[in-house]
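In what follows, every chain begins at residue 1, and chains take the letters A, B, ... in the order their sequences are listed.
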Protein chains: 2
Amino acid sequence: MVSIKDVAEKAGVSDQTVSRVVHNDAKVDPRTRKRVERAIAKLGYVPNRAARMVRTNRSGVVALVTNSVSTTPFSTDIVRGVRDAIEATPYSLLTITTGSEPERRARCWKTVKEHRCDAVIFVTMYHRQVEEAELDPAVPTVLVNCSLENDRPVPAIVPDDYQGSYDAAALAFEHGHSRIGYVRLNQTILAARLREAGVRDLMRAKELMPREDWFVEGLVGKVFEDRYVAYENAMKILSLEDRPTVMLCGNDELALQVFSAAQTLGLRVPQDLSIVGFDDFQVISDVIRPGLTTMALPYYEMGQRAVRDVVKLIEKQPVETVRTAVPCVPVLRQSLQRLNRV
Amino acid sequence: MVSIKDVAEKAGVSDQTVSRVVHNDAKVDPRTRKRVERAIAKLGYVPNRAARMVRTNRSGVVALVTNSVSTTPFSTDIVRGVRDAIEATPYSLLTITTGSEPERRARCWKTVKEHRCDAVIFVTMYHRQVEEAELDPAVPTVLVNCSLENDRPVPAIVPDDYQGSYDAAALAFEHGHSRIGYVRLNQTILAARLREAGVRDLMRAKELMPREDWFVEGLVGKVFEDRYVAYENAMKILSLEDRPTVMLCGNDELALQVFSAAQTLGLRVPQDLSIVGFDDFQVISDVIRPGLTTMALPYYEMGQRAVRDVVKLIEKQPVETVRTAVPCVPVLRQSLQRLNRV
DNA sequence: ATGAAAGCGCTAACAC
DNA sequence: GTGTTAGCGCTTTCAT
């Protein structure tokens, strides 16, 4: 590999001058600069980050730490947001996978430190609380899709599940629906509780009594080992003479199962049944016909924002809010039908 | 940050001895070793990779280069396979996004060189040929989901789209179907051509005449800016008096659109129409009811294999095959129904 | 089995 | 504007 000294020799200057040119230091004679630049181009010189780092003690590397147990589709969007945003910065992204076992966690943070990462973006696969033990207080960290219930102020970027779900229910109500069914996510996760609470609170605000037999499980079992039961449960509800006019769903996959149940029963969507999803997971919501009305979670934007915050953190600028709840926005397609009030 | 010298001082040895302990060098007195290890633990010393690298000229970093223009769901699985496999190696993963513009490509490879990455795993979002210009001959590279039509032997790991599609068609045939419709992917991509060829060749082998009016587009427009038209086209075919008994689809999203068309027309799946997808994109195939019969592409395994090959490449071991086509395996669910031959 | 010395590629501090 | 010197944290080589 060609080093700074090779360039210096070729250009007939000292290595220091080459360094100055590389760093766009003002105090370099334009003619010298030209010569050096030509030598760099000719030799194909690329600065060695490691060597630079040994001196400056800053790596220019941000670690993206995620828990890979899962395949949740949307976490991809967070990662995409991070990757696209990091490109516009001088930082590089080191991707590290962790797990729930203490041994793997330790390895993860050891890697972070070996590389002397300037900061960490810690992404969880579903919206939840993290424990202090999952993090390392010595490394500046931004949390995405999770937060730390604690004194230590770690910036966290989370989706506003409650607001999103409340708004989804409000949307259905404004479309004339008061017979509302709900398929919930795996109850053990935070997002599930927030989303269901949003629906219930909207109904309370509108003085609608929730029909408990229309509120059903969509998933059962341990998180990440769970099984879909939305289809079977939707079949039960939709077979009733006395059935809801709209089914709100904890996410778009559950909505797809409800959709399938309607298909099996010969109910037309949205004429006979309206369906509202959650997540705007486009591979489903935008492909299915009729298109699925759903709440978009700004995962991509959350990833971008994490990069912004992490850069601020590294550069010791203040990061505005410790916990940022990013709002969800409705995406109207055709699966929610306006109902003429009876 | 605590350095090797701090540890040496604390343990009352030379930094050299600490280095030996860290590297598990045999020739160190067990008692000295103990003392050093205690000092390491007490001070929380973690070796500085950059410093090590400056000396050894090997970074221990593999770059994962992907083109982020897209959101194709399965590419996630490749990346997951890579990440999970890299964990079992001593290498770290640097994630870099490139693009089609020459300027971004150049930046990408510059980053690879700045970090002195030991090798690159180059992943494309859809199965295609890459050009020499997209790569850098100076860096050991393994291609995933793409190959280089060229003399230079760059190891490539690609899915066997042709075999998969041939087998999918054979599966339908064995289930008694001879009235076969097909929804193709965007024709401009390689995978689309291979998949369609598989179906046609199976039909030829079985002496079935393809009905050209049953072979339709599923997507139109430029790749990544394309629009789904599978629903509309399936509506046309399925409205015919004279319609196919099975629809083979270029991927699972297209299958979902065909499924939606059947729903709209009141056709039951699989009693009135069988559907076969491609990719085993589980968020669709495993969620929809009836479950989608489809061909699984071993994206995760391709990612894992890429890591194996890249490690061999780095360690100068021979990499068996230059171009590896990984076979697709059928996943039988309920959307394909056995037909009693008429 | 351990240490001393040199040097990897680069930058910070200072001198000219 | 440019060069010189020193040193970042580590490994390699050689000596003991």
Side-chain angles (χ1 to χ4, degrees), chain A residues 1-40 43-61 90 92 110-118, chain B residues 1-40 43-61 90 92 110-118:
Chain A
M1 260 290 158
V2 24
S3 86
I4 201 168
K5 281 193 189 126
D6 302 321
V7 177
E9 189 174 350
K10 176 118 188 161
V13 296
S14 79
D15 45 359
Q16 188 46 232
T17 301
V18 177
S19 176
R20 281 196 260 263
V21 170
V22 169
H23 286 267
N24 273 317
D25 251 28
K27 299 153 208 158
V28 152
D29 187 291
R31 294 209 311 272
T32 318
R33 177 180 297 268
K34 218 71 297 105
R35 247 184 321 135
V36 172
E37 276 165 354
R38 240 196 298 276
I40 288 177
L43 297 175
Y45 167 69
V46 179
N48 184 330
R49 280 208 190 215
R52 176 179 302 171
M53 190 211 138
V54 172
R55 275 275 31 192
T56 61
N57 214 26
R58 297 179 69 258
S59 64
V61 172
S92 298
K110 177 147 191 241
T111 305
V112 168
K113 286 175 170 169
E114 280 182 2
H115 286 278
R116 301 294 191 267
C117 295
D118 295 332
Chain B
M1 261 289 158
V2 23
S3 87
I4 201 168
K5 282 193 189 126
D6 302 320
V7 178
E9 190 174 349
K10 177 121 190 157
V13 295
S14 78
D15 45 359
Q16 189 42 231
T17 303
V18 177
S19 177
R20 281 196 261 262
V21 170
V22 168
H23 287 266
N24 272 317
D25 253 28
K27 300 155 206 156
V28 92
D29 187 292
R31 292 209 314 271
T32 317
R33 179 180 297 268
K34 261 263 135 40
R35 244 180 326 131
V36 172
E37 276 166 354
R38 240 196 298 276
I40 288 176
L43 297 175
Y45 168 70
V46 179
N48 184 329
R49 281 207 190 216
R52 175 178 303 173
M53 189 212 138
V54 172
R55 278 265 41 187
T56 61
N57 214 26
R58 295 180 68 258
S59 64
V61 172
S92 297
K110 179 150 188 238
T111 305
V112 168
K113 287 176 169 168
E114 280 182 1
H115 286 277
R116 301 296 191 265
C117 294
D118 295 332

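- Along DNA chain C, the nucleotide nearest B:Asp15 and the nucleotide nearest B:Ala51 are compared for position; the residue whose nucleotide lies closer to the 5' end is B:Asp15.
- With rounding to the nearest 0.5 angstrom, the CZ atom of A:Arg35 is 8.5 Å from the CG atom of A:Asp29.
- The side chain of B:Val28 approaches C:dT2 more closely than any other nucleotide in the set C:dC10, C:dT2, C:dC8.
- Put simply, CD on B:Glu9 is 13 Å from P on C:dA4, counting in whole angstrom units.
- Scanning atom types as modelled, one donor and one acceptor separated by under 3.5 angstrom connect the side chain of A:Arg20 and the base of D:dG3.
- Residue B:Ser59 holds its OG atom at 14.0 Å from NZ of B:Lys113, rounded to the nearest 0.5 Å.
- Straight-line distance from the NZ atom of A:Lys27 to the C1' atom of C:dC14: 12 Å, rounded to whole Å.
- For the pair B:Thr17 and C:dG3, the criterion of a side-chain N or O lying under 4.0 Å from OP1 or OP2 is met.
- The side chain of A:Arg55 contributes no N or O atom lying less than 4.0 Å from OP1 or OP2 of C:dA12.
- If you take CE on B:Met1 and CG on B:Asp6, they are separated by 11.0 Å, rounding to the nearest 0.5 Å.
- Taking atom CD1 of residue A:Ile40 and atom P of nucleotide C:dG9, one finds them 16 Å apart after rounding to whole Å.
- No N or O donor and acceptor, one from the side chain of B:Arg49 and one from the base of D:dG9, sit under 3.5 Å apart.
- Considering only heavy atoms from C-beta on, A:Thr32 stays 4.5 Å or farther from A:Val21 through its side chain.
- Listed nucleotides D:dT4, D:dC10, C:dA1 differ in distance to B:Pro47; the shortest reach to its side chain belongs to D:dC10.
- Using a 4.0 Å cut-off, no side-chain N or O of B:Thr32 falls inside it from OP1 or OP2 of C:dA1.
- Atom OH in A:Tyr45 sits about 7 Å away from atom C1' in C:dG9, given to the nearest Å.
- In this entry the distance linking CG of A:Asp6 with C1' of C:dC10 reads 13 Å, nearest Å.
- Atom CZ of B:Arg49 is separated from atom CZ of B:Arg58 by 11.0 Å, given to the nearest 0.5 angstrom.
- The side chain of A:Thr56 places no N or O atom within less than 4.0 Å of a non-bridging phosphate oxygen (OP1 or OP2) of C:dC10.
- Comparing B:Arg116 and B:Asp29 by the nucleotide of DNA chain C whose heavy atom lies nearest to each, the residue mapping closer to the 5' end is B:Asp29.
- B:Glu114 places none of its side-chain heavy atoms less than 4.5 Å from the side chain of A:Ser92.
- A distance of 8.0 Å separates CG in A:Asp118 from CE in A:Met53, rounded to the nearest 0.5 Å.
- The nearest whole Å value for the distance from the NE2 atom in B:His23 to the C1' atom in D:dT12 is 11 Å.
- Taking every side-chain heavy atom of A:Gln16 into account, D:dG3 is the closest of C:dC10, D:dG3, D:dT2.
- Applying the 4.0 Å criterion to OP1 and OP2 of D:dT11, one finds that B:Ser19 has a side-chain N or O inside that range.
- Of the candidate nucleotides D:dG3, D:dT2, C:dG3, D:dG3 has the atom lying nearest to any side-chain atom of A:Ser14.
- Rounded to an integer number of Å, the gap from CG of A:Asn57 to C1' of C:dA12 is 13 Å.
- Each end of the helix from C:dA1-D:dT16 to C:dC16-D:dG1 gets its own axis, taken as the rotation carrying the C1' atoms of four end pairs onto the next four within a five-pair window, and the two axes meet at 30° to the nearest 10 degrees.
- Distance, B:Ile4 CD1 to D:dT11 P: 5 Å, rounded to whole Å.
- In this structure, CZ on A:Arg33 lies 8.0 Å from CG on A:Asp25, to the nearest 0.5 angstrom.
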